[in-house]
Amino acid sequence: MNMRKWIEDIIASPVKNPLPVLSFPSISLMGVGVRELIADSGTQAKGMKLIADRIPSAASVSMMDLSVEAEAFGSEIRFSDSEVPTVIGRIIETQEQAEALSVPEVGAGRTGLYVEAIGRAAGLITDRPVLAGVIGPFSLAGRLLDVSEAMLLCYDEPELVAAVLEKAAAFITEYIKAYKTAGANGVVMAEPLAGLLSPDLNREFSTPYVRRIVEAVQDDSFAVCYHNCGGGTPYMLEDILSTGAMALHFGNAVDMAAILPQIPEDVLVMGNIDPAGVIRGGTPALVRERVLELLGRCSGHPNYLLSSGCDIPPATSWENIDAFFAASEEFYASRQ
């Protein structure tokens, strides 16, 4: 699939199908828990197919599991049946540990299982792109160093952070290449921790590494969508755009309508209904209200595509998810 043309066609279309980050709620369609979902590639692929059959999303997106790459490096992970896995503690405290850190082979931990799941999903879902999920370089480094410590180390020990980032970026690049070989049409790269940095620190500790990864993997047939749900993203737009990612995805911490005028018209921009407070915690009526309001403010920009602000939580009701898509359909029908 030519992904540049796919983006061009979305931008040109007067009616657009939303593209929420929607995968974990497949658990309720299959009667399984999160622990079971993340442990089996066939279950993951089946869940993606069930979702694709149920809703007219612009693409099928796999899980935004930001623990899997850290686990491959050796981090301890907390699992549960109802929540997304999380990283516990840190594995790097010193420059010596950073220098000694081995870059794992793709296949370590659950990475091989996730690549296999995307290969299976790509064989089942043929009417839209299949996008894999990966973590961004600074967000991975933060999980290896401890998120709070990583922010301080950018000031106190920048050489330590840079050493970890080099290895994080190297692994992410190979991981994405494995997804590409397996049949993915692109990846959503989640770099939320960079959204907490100052623009200068983002320019030093995130942007160059993201750009390097994008340059190594993106081509006409494979798109990188850069995701950042931090509140600082409006002040980093120039640097985020310099990564060269074909598409951008922003969280509900920012005003999407204020960001859109600053984005080139050929870059697809997605966001940003609150996934936890509205889609998970709200009512169908609230979901409809927020979707119609956001589309009313943003749809004047042809390169805007409705999405959730981040990954929709596992326990979200399908009544609310259906309301999200119904409201989008209602909005575009009213414009015909």
Side-chain angles (χ1 to χ4, degrees), residues 3-4 7 64 66 68-70 72-73 92 95 98-99 101-108 111 114-115 131-145 150-151 153-154 157-182 184-230 232-233 235-250 263-264 266-268:
M3 292 302 286
R4 293 192 189 278
I7 288 175
M64 192 178 281
L66 305 189
V68 65
E69 295 90 346
F73 274 93
I92 301 170
Q95 185 75 32
E99 298 295 346
L101 182 69
S102 296
V103 178
E105 295 290 327
V106 175
T111 57
Y114 279 32
V115 170
L131 307 179
V134 299
I135 198 170
F138 185 71
S139 299
L140 175 54
R143 280 155 177 78
L144 302 178
L145 291 162
M151 310 298 286
L153 289 168
C154 288
E157 297 185 57
E159 300 86 0
L160 170 58
V161 180
V164 178
L165 277 165
E166 286 291 335
K167 296 182 178 184
F171 176 72
I172 293 167
T173 300
E174 294 308 310
Y175 190 30
I176 295 174
K177 287 179 179 178
Y179 275 130
K180 190 175 183 178
T181 300
N185 303 107
V187 290
V188 178
M189 180 192 292
E191 183 71 318
L193 193 57
L196 302 178
L197 294 172
S198 69
D200 286 344
L201 289 178
N202 176 69
R203 189 172 300 123
E204 181 176 358
F205 293 108
S206 177
T207 301
Y209 301 94
V210 173
R211 183 187 306 119
R212 186 189 309 173
I213 295 167
V214 171
E215 289 173 350
V217 302
Q218 184 172 264
D219 55 34
D220 287 352
S221 65
F222 192 87
V224 176
C225 174
Y226 171 93
H227 164 80
N228 191 324
C229 51
T233 47
Y235 310 102
M236 313 173 177
L237 286 178
E238 184 176 346
D239 291 309
I240 290 171
L241 287 165
S242 77
T243 65
M246 279 192 212
L248 306 177
H249 191 282
F250 296 122
I263 307 295
D266 61 344
V267 176
L268 190 64

K.L.:
Determine yes or no for a side-chain-to-main-chain donor-acceptor pair under 3.5 angstrom, with T233 supplying the side chain and G195 the backbone.
P.N.:
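Between the backbone of G195 and the side chain of T233 there is no qualifying donor-acceptor contact (under 3.5 Å).
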K.L.:
For residues 157-166, dump all side-chain donor-acceptor pairs below 3.5 Å to protein atoms at least two apart in sequence or in another chain.
P.N.:
{"residue": "E166", "atom": "OE1", "partner": "R212", "partner atom": "NH1", "Å": "2.9"}
{"residue": "E166", "atom": "OE2", "partner": "R212", "partner atom": "NH2", "Å": "3.3"}

K.L.:
Which of these, I7, V188, V187, sits in a side chain to side chain contact (heavy atoms under 4.5 Å, CB included) with C225?
P.N.:
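The single option meeting the side chain to side chain contact (heavy atoms under 4.5 Å, CB included) with C225 is V188.
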K.L.:
Do you know which two heavy atoms are closest between S242 and R211, and how far apart they sit?
P.N.:
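Closest pair (atom of S242, atom of R211, distance): OG-NH2, 2.9 Å.
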K.L.:
So F73 and I92, do their side chains get closer than 4.5 Å, heavy atoms only?
P.N.:
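The answer is no; the side chains never approach within 4.5 Å.
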K.L.:
Please identify each residue that fulfils side chain to side chain donor-acceptor pair (under 3.5 Å) with D219, with sequence neighbours left out.
P.N.:
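Counting only residues at least two positions away or on another chain, D219 forms a side chain to side chain donor-acceptor pair (under 3.5 Å) with K180, S221.
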K.L.:
Anything under 30° is parallel, anything over 60° is perpendicular, the rest tilted; go ahead and classify Y175 against F171.
P.N.:
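Parallel.
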K.L.:
Return the minimal non-hydrogen interatomic distance between P137 and M189, and the atom names on each side.
P.N.:
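The pair with the smallest heavy-atom distance is CD-SD, 4.1 Å.
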K.L.:
What heavy-atom pair brings V267 and A247 nearest, and what distance separates the two atoms?
P.N.:
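Between these two residues, the closest heavy atoms are CG1-CA, 4.5 Å.
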K.L.:
For E99, look at atom CD and say whether over 12 heavy atoms of other residues, nucleotides or ligands are found less than 6.0 Å away.
P.N.:
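Yes.
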K.L.:
Please report the C-alpha distance between T243 and I213 in whole Å, then the side-chain angles of each, then the deciding distance to 0.1 Å, and finally whether the side chain to side chain contact (heavy atoms under 4.5 Å, CB included) criterion is met.
P.N.:
CA-CA 9 Å; T243 65; I213 295 167; over 6 Å; no
K.L.:
Nearest 0.5 Å, please: how far is SG in C229 from NE2 in H249?
P.N.:
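So the gap between those two atoms works out to 9.5 Å.
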K.L.:
Please check if the number of heavy atoms outside Q95 that lie under 6.0 Å from its CD is greater than 12.
P.N.:
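Count over threshold, so yes.
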K.L.:
F222 and M246: which non-hydrogen atoms are nearest, and at how many Å?
P.N.:
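So the minimum-distance heavy-atom pair works out to O-CE, 3.7 Å.
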K.L.:
Determine the minimum heavy-atom distance between K167 and A98, stating which atoms define it.
P.N.:
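Minimum heavy-atom separation between K167 and A98: NZ-O, 2.9 Å.
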K.L.:
Excluding sequence neighbours, so at least two apart, what forms side chain to side chain donor-acceptor pair (under 3.5 Å) with R203?
P.N.:
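Side chain to side chain donor-acceptor pair (under 3.5 Å) check on R203 returns D200, D239.
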K.L.:
For A108, does its backbone N or O pair with a side-chain atom of T111 as donor and acceptor, under 3.5 Å?
P.N.:
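Judged by distance alone, yes, a pair lies under 3.5 Å.
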K.L.:
Looking at every heavy atom in both A194 and Y226, which two are closest together, and how far apart are they?
P.N.:
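What the structure gives for the nearest pair is CB-OH, 4.4 Å.
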